[in-house]
Amino acid sequence: MNTARKNMDETISRKLLKNMLLCRKFEENVQYYFSLGMIHGTCHLGIGEEATAAGTCGALLPDDDMFATHRGHNAAICKGIDINHMMAEIFGKSTGVCKGHGGSMHIADKDVGILGANGIVGPSLALACGAAFAHKRRNEKCVALAFFGDGATNEGIFHESMNLASVWGLPVLFICTNNTYGMSTHISKVMKDTNLIDRAVPYKMKSAEVDGNDALLVYNTVKEARSYAIENSEPVFIVEDTYRISGHSKSDANLYRTKEEISEWKKKDPILNLEKQMLEAGLCSTEEIRQLEAEAADTVKAAVAYAIESPYPKVEDIYEDVYAE
Amino acid sequence: MNTARKNMDETISRKLLKNMLLCRKFEENVQYYFSLGMIHGTCHLGIGEEATAAGTCGALLPDDDMFATHRGHNAAICKGIDINHMMAEIFGKSTGVCKGHGGSMHIADKDVGILGANGIVGPSLALACGAAFAHKRRNEKCVALAFFGDGATNEGIFHESMNLASVWGLPVLFICTNNTYGMSTHISKVMKDTNLIDRAVPYKMKSAEVDGNDALLVYNTVKEARSYAIENSEPVFIVEDTYRISGHSKSDANLYRTKEEISEWKKKDPILNLEKQMLEAGLCSTEEIRQLEAEAADTVKAAVAYAIESPYPKVEDIYEDVYAE
Amino acid sequence: MSTQNEMTYAQAIKEAMCEEMRRDENVFLMGEDIGVYRGAFGVTQDMYKEFGTERVIDTPISEAAFVGCGIGAAVEGMRPIVEIMFSDFMSVCWDMILNQAPKMHFMFGGKVSVPLVIRTASGCGTGAAAQHSQSLEAMLCHIPGLKVVVPSTPFDAKGLLKSAIRDNNPVVFLEQKLLYRTKGMVPDREYLIPLGKADTKRIGTDCTIVTYGRMTQLSLKAAETLSNEGISCEIIDLRTLLPLDRMAVLESVKKTKHLLIVHEAVKTGGLGGEIAAEVAESDAFYYLDAPIKRLAAEDVPVPFSAVLEKGVLPDEEKIASAVREVVG
Amino acid sequence: MSTQNEMTYAQAIKEAMCEEMRRDENVFLMGEDIGVYRGAFGVTQDMYKEFGTERVIDTPISEAAFVGCGIGAAVEGMRPIVEIMFSDFMSVCWDMILNQAPKMHFMFGGKVSVPLVIRTASGCGTGAAAQHSQSLEAMLCHIPGLKVVVPSTPFDAKGLLKSAIRDNNPVVFLEQKLLYRTKGMVPDREYLIPLGKADTKRIGTDCTIVTYGRMTQLSLKAAETLSNEGISCEIIDLRTLLPLDRMAVLESVKKTKHLLIVHEAVKTGGLGGEIAAEVAESDAFYYLDAPIKRLAAEDVPVPFSAVLEKGVLPDEEKIASAVREVVG
Ligand SMILES: Cc1ncc(C[n+]2csc(CCOP(=O)(O)OP(=O)(O)O)c2C)c(N)n1
Ligand SMILES: Cc1ncc(C[n+]2csc(CCOP(=O)(O)OP(=O)(O)O)c2C)c(N)n1
Ligand SMILES: [Mg+2]
Ligand SMILES: [Mg+2]
C-alpha cells in the first residue's frame, strides 16, 4: 500500500483527480438544479464516494463492461461517458444518453462499456456474470465489473451470482462500495458479521478490502484484480470502504446519523486525500489543483448549458424503442 | 460420536428404527402404487435418506415447527403425521391430510407442527424464520426447522434467510440434507467449495456436519442444536451427509451416476446401520427387528387400504378452501 | 356524535396500523427503513417510538426473506404487515407472493391460514422511471388465494387497511404514491370497510367510469368538467380488485349503457381487460349502447422524462375525451 | 420437393435449437439438468453430445443468477436460450423477467438489446399440483418489451422457436407440458414462423374460438363434435400472445358474430380478458350477436387430486357446451 503511494504515477493520479473533480462538480450541479425543481424525479448522489468510482473505473479498459447501481453517476463519468449527454439525460432531454427514457437511475452507454445503472438493488452482479461469460467464450481479454452496495450483499442475487461466477470461473470484478449504510440502515443492524470480505469465503473467491477513500489504492487494487481475473479466468471480490456524505436520495432527512459522523468523514474527503498525496509527492502544485477544479467546473457548466438548451423528447416517438428491430 | 453410540438409549434408538422402517415401507408402497398408475402426478422418494428425517425430527418436540422440501415424506412421518391420512393424500382422496389438494409434494399438518412440504426449492428457509420469529416473540421454548437440499443452498433465498436468522437471532434449525445431487447435478458442478459447512461462515452461525446415515448421531446433533438455539436464541446450520438411493423423481433415468456408486451407498443403508448398532449394543435381537419390520409393513398396508377405500374429493367443493374465513 | 379529522392518505394508513397494533399485539410491521427513516414515503413516521423497534422492524434488503418471514409468522398466528418499498420490488420476492402465501391455505386443505398484509407503494408520476413506477395489480389479480386492495382516499385507505389486517388471507395493499399527500376527512370513531365491495364515488346517468386508486380522483375531476357539458358520469371505485365487485359494475353499466375503464397500469394485460370481459360476458352486454373503452397507460416501460411520463399516462383531459368518445 | 417428418412437439423444439446452434455459434443453452438428464421433460436429449457442455450448460439451482447471466450475455451479443424447468419457477427470477430484460432496450435509449429466449414448461394436467402447474402467460403479457409465444403443434413450435432465437428482444417461450409427446408433421426444409401472427387452425362460420397452446388441440376436437351438430367453429390459435394479433381476432369475430375464448390459466386476470376487451372496444362489438364467453380454469390454485385437477380445467366437452351456449 505504501509502495503504491511512493511510486505514485503522475499520469494516473492526475487522471483520477480530474475524474473525481468532474464527479464532484457534476453531482453538485445535479443537486443544485434538482433543488431548483429543474430536474425531475429522484436522484442518488455519491458525494464522498468519488474515489471508489475513479479508482475502480480508472483501472478498466474501454472494452471492459461496467454495471452500476442506483448511485451510478460517478461510475459512469469515470468509465468515460460523455457528460453533456449524461447531464441531458438527467434533465430528461432527447439528447440524453438514453433519450430521456432512463434518467439518473438508468444511465448507460454501451459504446463506452457502461451497461447500465440499475434501479433494483442486486441484479448488477448477475448481469455482469453474463457479460463476463460472453467475454470468456470469445476469448476476449477483458472483464465485466459490477458495482453494488453493502446493503445489496443481503439480497439473494448476491449469493447466486458470487456462486455462479466462482464455479464457472467468470472474469467478473465484484465491487462492493461499502458506505456502511443501506439507506438509513447501518450495516451492523442487517448482518451479524459486518466484515464484508467474509462473504467471499463460501465461494473460495479471491478477495480484497481497501480504503475506498484512497483513489490510488483503489486503482492499484482493482488493476491487479483485473489482471488476476483475466489470467486465471476467475472472479474477484473487492470491498471498498467509504462514506456517503450526501443523503441517500431526496427522501433522506438524515435522521439516522449524527452531524459529527458526517464531519468526521468529510475530513477524509477522497479528493482532498489525493490532492494531499500529490502535493506531498510533488506531482502538482496548489495552483494546478485550482486549475483542474476550474476546468471541471467549466466542463460541467457547459454540460448543464447543453442539457438546458436541448429539446425535450416527443411523446409521439415513445414506441420507437420498446422493441428492438 | 462414539460416546453417543456407547450410551445408546434404548427408547430413542427403537423410536428411530421404527420410524425409519415406517418411512421405508411407506415409500416402497408409494413407489409400487405409483408404478401401477394408481398414484397420480410425480413423487420424490427419499429411500436411503431415512436417518436424516428420523434423527432430525426425532429430536423435535411436538410444538416445534417443521418445514419440508419436495422430498418430504420421511420428514412428515417422523414428525408424527397420521400415515393413513398422508397415504390418502398421496392417493388424492378427500380423507387426505390436505383433502387431496396438495399431494405428495405438499404434505402438511399444522396439528403436529408440519407446516408444509414445498414444491419450490428454497423457501422453506424463509418460512421457518417467520415461525421462529413468532416463537421468539411469544417466548415459547421451541424452534422452527427447515429442511433443504445441497442444491437448494445455491438459491438466493438460502443466503437471505441465513442472514436474517443470524442477525435477528432466530431459533431456527437449518438442516441441509446433503445427498450430493440436485437432480442429476453433482455438487461439484455447481459450487466451487463443496464443503457446505463453509456456507455458514459469513453469518457467524454455529454449524455442524454429520454422517446423515447414522440416525443416532443425527439425533444427538440436532437435539444439541435445538437446545443451543433455544438457549441462545440463535440459528444453527447442520449438514447431514447422505445419499438418495431412489431416483430424483419419475423423470429420472439415472444417467448421471453409476450403478457402483449406488451399490456402495446401499451398503451404508441407514436402517441396516442402526440395526447393526442396536444389535451390537444388545438393545434388541434380530427377531425383534423382524417384528418391527412386520409391524411397519402392516401399518403401511392398513394405510394403503384406508387410502384406496377413501372417496375422492368433489369438484363442487373446490372453492371452499381458496380463502380462509 | 362522531367527529371527523382532516388527514392525508399517508396519515390515514398510519392510523390504521397504529389502531390495529394497539388492539392486537400480534400485529407488527416489517420493512426496509420504516423506523427512524420513516419509510421512503414517510408513512411510518414515529411509529417505532410508540411500538418500539421490536414491532416496527427495519429489515435487511432481502425482500424474499422478510416476506417469507412474514408468511411464516402469519402461519404461526401473528399478523404481520410487511412493507415493500416500491411495488416494483415485488419482483424479487414474487415466489412468496405467487407460490407461497396465497396457496398454503388451499394446498394444505384449509388447516393453515396466512393473515398477512403486504403494503407497497404503487404507480407513477414521480419521475422515478421504469423500475420504480409500475402499477402491477393485474398480475396480482391473477393469483387465486390473494386479495388485492387499492384505496383512493384517506377514508378508504384507513377503513380498508384495518379490514386487511384483520383478514385471514394474504392481502396486497397497493398505496398510491401520488395520493400520499392528498387530504380527506376521516372519522374519529373506529370503522372498517369490507374488502370486496366497490364504492360509487359519483352517481350519474350517461356513462359509467370503472376505476380505482389515483385514477378515481382524476375521474372525479373529469366528471365535473363533463357535467358542465351535460354529460353525467357515474364513477365506480373498485377499492378491492380481487375479489372484484362484479355486481356493482354490471348494475351501473345497465343503467348508464356506456362504459369507460380507466387505470394507470399499461393497457395490455391490465385489469381493464378483466372488467371489460365481465361486462361483455354478462347480460349487461345487451344494455351497452356503444363499445366499451379502456383508457390506460401506453404499452411502454414508464419513461423518465416528465414530458414523456405525463404523455403516456391517463389524465383528467384524456378521461374527459374518452367519455365523450364513448357517449358520443 | 420438400419432405416432411413426423415428430413430437419436444423433438421439434429440440430441432429448432439444434439448427440455430449449428447456424450461429452465439446461440447456447443454459438451464437445470438439461445435459445428461435431458431436461425434466426430455427435450434436450443428447444435445450436449453434439454441442458439448460448453454450449449446453447445466446450471446451479439459481434461476435469478442464470437468467441474469443470460441477459448479460445477450447484451454482450450472444443469443442465450435459458430453460426454466417449470414456468412456475419464473417466480424466483421474476425481477429479471419484469424489470431487467424487457426494459433495458427502452431505458437505455435503444442502444442495448437483449436477444434472449426463455423456454419454460407451462400448464397442468400432470398431477404436479399448485406450484408446478400454472399457466402464467397473462402476467407476462402485461410487460411491454417482452414477447410471449405459446405453440400448439410441433410445426408451430419449431418455426416459432427459430424466430424467437433470431429475435432481438427477450422472448418467453411457453412450452405445453401435455403436448410434449404429441406428434405432427414438420418439413425437412428450414422455415420460420413470424412472431406476432395468429394462425387460423380451422375455418368456420358460426363461432370464433380464440385460444392458444394445448387448448387449441382440445378446441379442434370440440369443433369436430360440434360440426356434427351443424355448428361450424373457426379456431384462431394466437401462437404469439404478446404482441397480440388483434386483427386476426377481430376479422374472425366480424364474420362469425360469436366469440368464445378458451385458456387453461385461471379465468380472473387471464388473457381472456384482454381478448374480450379488444373485441368489446372495437367495431367488431357491433357485429356480436351474443355476449362473449370465456372458458378457463376455475379461480383456484391447481389442485393435486386427478378428479379435482380435471374438474377445474376446460376440456373438450366444456368447450363444446360453451360454444353451444354462445351460439344458442
Ligand atoms: C430490490 C430492491 N429493494 C429495495 C430498493 C430500495 N433501495 C434503493 S437503494 C437502497 C439502499 C441500498 O443500499 P446499498 O446497497 O448499501 O447501496 P447505497 O445506497 O449505500 O449506495 C434501497 C433499500 C431497491 N431499489 N431495490
Ligand atoms: C426454484 C426451483 N427450481 C427448480 C426446481 C426443480 N427441482 C426440484 S427438486 C430439484 C433438485 C433439488 O436438489 P436438492 O436441493 O439437493 O434436493 P434433493 O432433490 O437432492 O433432495 C430441482 C432442481 C424447483 N422445484 N424449484
Ligand atoms: Mg450502502
Ligand atoms: Mg440434493
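Reminder, nothing fancy here: chain letters follow the sequence lines and each chain counts from 1.
Interface remark: of the candidates A/Val121, A/Thr185, A/Thr42, A/Thr185 forms the most heavy-atom pairs closer than 4.5 Å to chain C. For the set A/Asp317, A/Thr153, A/Val190, A/Asn254, the entry with the most heavy-atom pairs within less than 4.5 Å of chain C is A/Val190.
In this structure, the separation between NE2 on A/His40 and CG on C/Leu308 is 9.5 Å, given to the nearest 0.5 Å. Taken from CE in A/Met183 to CD1 in C/Ile34, the straight-line distance is 11.5 Å, to the nearest 0.5 Å. Considering CD1 of A/Ile39 and CZ of C/Phe304, their distance stands at 7.5 Å, rounded to 0.5 Å. A/Glu155 contributes atom CD, which lies 9.0 Å from atom SG of C/Cys93 (distance to the nearest 0.5 angstrom). Distance check, rounded to the nearest 0.5 Å: CE of A/Met191 to OG of C/Ser62 gives 8.5 Å. With rounding to the nearest 0.5 angstrom, the CZ atom of C/Arg38 is 5.0 Å from the CG atom of A/Leu255.
In this structure, the portion of C/Thr126 lying under 4.5 Å from any heavy atom of chain A is its backbone and not its side chain. If you measure heavy-atom distances from C/Glu309 to chain A, the contacts under 4.5 Å come from the side chain alone. Contact annotation for A/Asn118: both backbone and side-chain heavy atoms come within less than 4.5 Å of a heavy atom of chain C. Residue C/Ala306 touches chain A through both its backbone and its side chain, counting heavy-atom pairs closer than 4.5 Å. Contact annotation for C/Ser133: neither backbone nor side-chain heavy atoms come within less than 4.5 Å of a heavy atom of chain A. Residue contact with chain C, scored on non-hydrogen atoms closer than 4.5 Å, involves the backbone of A/Ile90 exclusively. Heavy-atom distances place the side chain of A/Met105, and not its backbone, under 4.5 Å from chain C. Both the backbone and the side chain of A/His101 come within less than 4.5 Å of a heavy atom of chain C. Contact annotation for A/Asp252: both backbone and side-chain heavy atoms come within less than 4.5 Å of a heavy atom of chain C.
Between C/Tyr37 and A/Ser251, the side chains place a donor N or O and an acceptor N or O closer than 3.5 Å (distance only, hydrogens not considered).
A pairwise comparison of heavy atoms in C/Val307 and A/Pro313 identifies CG2-O, 3.8 Å as the closest pair. The two residues A/His106 and C/Ala129 make their nearest non-hydrogen contact at CD2-CB, 3.6 Å. Of all heavy-atom pairs between C/Ile61 and A/Gly182, the closest is CD1-CA, 4.5 Å. A pairwise comparison of heavy atoms in C/Ser305 and A/Gly92 identifies OG-O, 2.5 Å as the closest pair.
Around OH of A/Tyr306, the count of heavy atoms belonging to other residues, nucleotides or ligands within 6.0 Å exceeds 12. Other residues, nucleotides and ligands contribute only 12 or fewer heavy atoms inside 6.0 Å of the CD atom of C/Glu317. The environment of A/Glu316 atom CD is dense: over 12 non-hydrogen atoms of other residues, nucleotides or ligands sit within 6.0 angstrom.
At distances below 3.5 Å, at least one donor-acceptor pair connects side-chain atoms of C/Asp33 with backbone N or O atoms of A/Ser184. A donor-acceptor distance shorter than 3.5 angstrom exists from the side chain of A/Tyr319 to the backbone of C/Asp299, with no hydrogens or angles considered.
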